[in-house]
Asker: 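Quick one: the structure is below, and I'll ask about it shortly.
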Amino acid sequence: MADSLLNKVSVCVITGPTRGLGRSIAHQLASKLPKGSLFILLSRNQPLLNSAADLILENDGIRAVTGIFDQGSVDQNVYDHILQDCLHNAEADAGEFEQAILVNNAGSLEPIEFVKALDDVAAISTYFNSNVSGCIALTSKFLQIFNPTTVNSRVIINISSLGAISPMKSWLLYCMGKAARDMMMKVIGEEESNMRTLNYAPGPLVTDMTDIACKNTKDMDLRNWFEEQMRNKTLVECDVSAQKLVLILQKNTFQNGSHIDYYDEI
């Protein structure tokens, strides 16, 4: 039986931990990881970061540090220093941990358009900077700092979507971004040693993004589906989906780069 990925003293980097699924994942992992573990929480909003950190610090022996981070930034200096600055502020060293975990959660949905209407190259570039380019750059820095000689175990979890593997009309940019990040997990799993990579599709969640989907999705069949889920209260609660992710990490039987959906048996 494979060892759980949640039984080692870990440094855990989470993007977008201030609300929705990211906040739930941070809370769930903090309750499972051993004492001495450190959470590095990255987001653009300091007051919300402080709230997320307070939730983590309710767990005895768990540390938390926050960093202002815009994943859409094209400033190289941001990526060069954010993780090291957070470690410094926490008075921690990369080599003191048994394991390093990165949860690539931050992402966005809009602009939502049919392909024939996606002719604004600046808007397209902005979307991919935030959802793909910035994610790659941060992941690269994570791999450099927490390298095989520094930590014995490394885990990268990409928050994916059904849209990564199934086309969703009027959601081109979202589907492309998720598919690209899924492939990044597959490639890293092949390139890196002592590495576990997972694409986790959390199911249709009760989040602000779902409200946007209901209001702005151009494809009426897809919009109506979301509206029906909202009416019937059949969407997945973030805490419940985060609990499923914890089970997957504890069981640790997935293949590197796997795409596992909330509804899949594990």
Side-chain angles (χ1 to χ4, degrees), residues 3-19 22-71 73 75-106 134-159 188 192-198 242 245-246 249-250 252:
D3 290 337
S4 167
L5 293 174
L6 301 181
N7 62 5
K8 300 178 181 68
V9 176
S10 301
V11 54
C12 184
V13 182
I14 304 180
T15 63
T18 58
R19 54 167 63 94
R23 186 179 174 92
S24 292
I25 289 173
H27 178 55
Q28 294 287 337
L29 292 181
S31 70
K32 296 291 188 282
L33 287 170
K35 291 181 180 181
S37 294
L38 169 67
F39 281 75
I40 296 177
L41 307 179
L42 304 179
S43 177
R44 293 176 293 184
N45 188 308
Q46 189 65 61
L48 292 179
L49 277 171
N50 292 342
S51 173
D54 288 343
L55 189 65
I56 285 172
L57 293 172
E58 292 176 2
N59 296 276
D60 184 41
I62 301 297
R63 297 175 285 166
V65 63
T66 66
I68 294 294
F69 174 67
D70 179 1
Q71 193 166 270
S73 174
D75 180 356
Q76 186 64 43
N77 187 62
V78 170
Y79 300 93
D80 286 345
H81 296 286
I82 183 65
L83 294 179
Q84 290 285 26
D85 286 350
C86 286
L87 285 170
H88 176 77
N89 292 338
E91 299 181 344
D93 181 82
E96 74 182 68
F97 301 98
E98 298 175 293
Q99 178 171 262
I101 301 171
L102 171 61
V103 183
N104 280 322
N105 168 67
C135 182
I136 295 170
L138 181 69
T139 302
S140 176
K141 283 298 172 183
F142 174 87
L143 292 172
Q144 291 171 24
I145 294 168
F146 304 106
N147 56 67
T149 60
T150 304
V151 290
N152 293 326
S153 174
R154 300 181 295 166
V155 184
I156 304 180
I157 302 148
N158 171 51
I159 300 306
I188 292 172
E192 296 286 332
S193 60
N194 70 348
M195 172 63 68
R196 301 289 279 131
T197 64
L198 170 68
L245 174 59
V246 164
L249 297 175
Q250 288 175 327
N252 189 22

Asker: Give a yes or no answer on whether the side chain of R154 reaches the backbone of T197 with a donor-acceptor pair at less than 3.5 Å.
Answerer: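 Such a contact is absent between R154 side chain and T197 backbone.
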Asker: Between the main-chain N or O of N105 and the side-chain N or O of T15, is there a donor-acceptor pair closer than 3.5 Å?
Answerer: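 Checking the backbone N and O of N105 against the side chain of T15, a donor-acceptor pair under 3.5 Å is found.
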Asker: Side-chain contact test, heavy atoms from C-beta onward, threshold under 4.5 Å: evaluate it for I157 versus L249 and give yes or no.
Answerer: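 Answer yes - side chains close enough.
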Asker: Give me each pair satisfying ring-ring contact (aromatic ring centres under 6.0 Å, His included) with a member in residues 135-158, each pair once, sequence neighbours excluded.
Answerer: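 Every pair satisfying ring-ring contact (aromatic ring centres under 6.0 Å, His included) with a residue in residues 135-158: F142-F146.
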Asker: Grab the two heavy atoms, one from L57 and one from A64, that are nearest each other, plus how far apart they are.
Answerer: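 Looking at all heavy atoms of both residues, the shortest contact is CD2-N, 3.7 Å.
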Asker: Does the side chain to side chain contact (heavy atoms under 4.5 Å, CB included) test come out yes or no for K141 and I82, once each step is laid out?
Answerer: CA-CA 9 Å; K141 283 298 172 183; I82 183 65; over 6 Å; no
Asker: Using residues 97-104 as the side-chain source, report each donor-acceptor pair under 3.5 Å to any protein atom, sequence neighbours left out, with the distance given to one decimal.
Answerer:
from	atom 1	to	atom 2	distance (Å)
E98	OE1	V9	N	2.7
Q99	OE1	S153	OG	2.8
Q99	NE2	L5	O	2.7
Q99	NE2	S10	OG	3.1
N104	ND2	T139	OG1	3.0

Asker: Evaluate the side-chain proximity of M195 to L143: yes if any heavy-atom separation is below 4.5 Å, no if none is.
Answerer: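 Yes, side chains in contact.
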Asker: If I take atom NZ from residue K35 and atom CD1 from residue I62, how far apart are they, to the nearest 0.5 angstrom?
Answerer: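 It is 9.0 Å, given to the nearest 0.5 Å.
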Asker: Apply the test side chain to side chain donor-acceptor pair (under 3.5 Å) to residues S51 and R23: give CA-CA distance (whole Å), side-chain angles for both, the deciding distance (0.1 Å), then the verdict.
Answerer: CA-CA 10 Å; S51 173; R23 186 179 174 92; 3.3 Å; yes
Asker: Can you check side chain to side chain contact (heavy atoms under 4.5 Å, CB included) on L245 and I25, steps first, answer last?
Answerer: CA-CA 8 Å; L245 174 59; I25 289 173; 3.8 Å; yes
Asker: Please round to the nearest 0.5 Å and tell me the distance separating atom CG of N89 and atom CD of E91.
Answerer: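 Rounded to the nearest 0.5 Å, the CG-CD separation comes to 9.0 Å.
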Asker: Can you list the steps and then say if L42 with L83 is a side chain to side chain contact (heavy atoms under 4.5 Å, CB included)?
Answerer: CA-CA 9 Å; L42 304 179; L83 294 179; 4.2 Å; yes
Asker: Using every non-hydrogen atom in the two residues, find where S37 and P34 come nearest and quote the distance to one decimal.
Answerer: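 S37 and P34 have their closest heavy atoms at OG-O, 2.9 Å.
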Asker: After noting the C-alpha distance and the side-chain angles of V65 and L41, does the key distance pass the side chain to side chain contact (heavy atoms under 4.5 Å, CB included) rule?
Answerer: CA-CA 6 Å; V65 63; L41 307 179; over 6 Å; no
Asker: With distance as the sole criterion, is a donor-acceptor pair present between the side chains of N147 and T149 under 3.5 Å?
Answerer: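 Note: N147 and T149 side chains meet the donor-acceptor criterion.
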Asker: Of all heavy-atom pairs between N59 and S31, which one has the smallest distance, and what is that distance?
Answerer: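 For N59 versus S31, the nearest heavy atoms are OD1-CA, 3.4 Å.
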Asker: Using modelled atom types only, decide if a donor and an acceptor are shared between the side chain of E96 and the backbone of D93 within a distance under 3.5 Å.
Answerer: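 Between the backbone of D93 and the side chain of E96 there is a qualifying donor-acceptor contact (under 3.5 Å).
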Asker: Pairing donors with acceptors under 3.5 angstrom, does anything connect the side chains of N7 and S4?
Answerer: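 Side chains of N7 and S4: no pair found under 3.5 Å.
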Asker: State, without any angle test, whether Q144 and S140 hold a side-chain donor-acceptor pair at a distance under 3.5 Å.
Answerer: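 Yes, side-chain donor-acceptor contact under 3.5 Å.
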Asker: For the backbone of G36 and the side chain of R63, can you confirm whether one donor and one acceptor N or O come within less than 3.5 Å of each other?
Answerer: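 Here the side-chain-to-backbone pair exists.
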Asker: Out of curiosity, L48 CG to T18 OG1, how far, rounded to the nearest 0.5 Å?
Answerer: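 It is 5.0 Å, given to the nearest 0.5 Å.
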Asker: Do Y79 side-chain atoms and Q71 backbone N/O form a donor-acceptor pair below 3.5 Å?
Answerer: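 Looks like yes, one N/O pair under 3.5 Å.
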Asker: Might you confirm whether atom CD of Q76 has over 12 heavy atoms from other residues, nucleotides or ligands at distances under 6.0 Å?
Answerer: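 Counting other residues, nucleotides and ligands, CD of Q76 exceeds 12 neighbours.
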Asker: I need the I40 CD1 to T66 OG1 distance, nearest 0.5 Å.
Answerer: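 The CD1 atom of I40 sits 10.5 Å away from the OG1 atom of T66.
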Asker: To the nearest 0.5 Å, what is the distance between CG (D85) and CD1 (I68)?
Answerer: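 D85 atom CG to I68 atom CD1 measures 12.5 Å (nearest 0.5 Å).
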Asker: Looking at every non-hydrogen atom in both residues, tell me the closest pair between G67 and C86 and how far apart they are.
Answerer: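 Where G67 meets C86 most closely, the heavy atoms are CA-SG, 3.9 Å.
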Asker: Between C12 and L33, what is the shortest heavy-atom contact and its length?
Answerer: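 Closest heavy-atom pair between C12 and L33: CB-CD1, 4.4 Å.
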Asker: Do the side chain of D70 and the main chain of R44 share a donor and acceptor less than 3.5 angstrom apart?
Answerer: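 Side chain of D70 to backbone of R44, a donor-acceptor pair under 3.5 Å: no, none is there.
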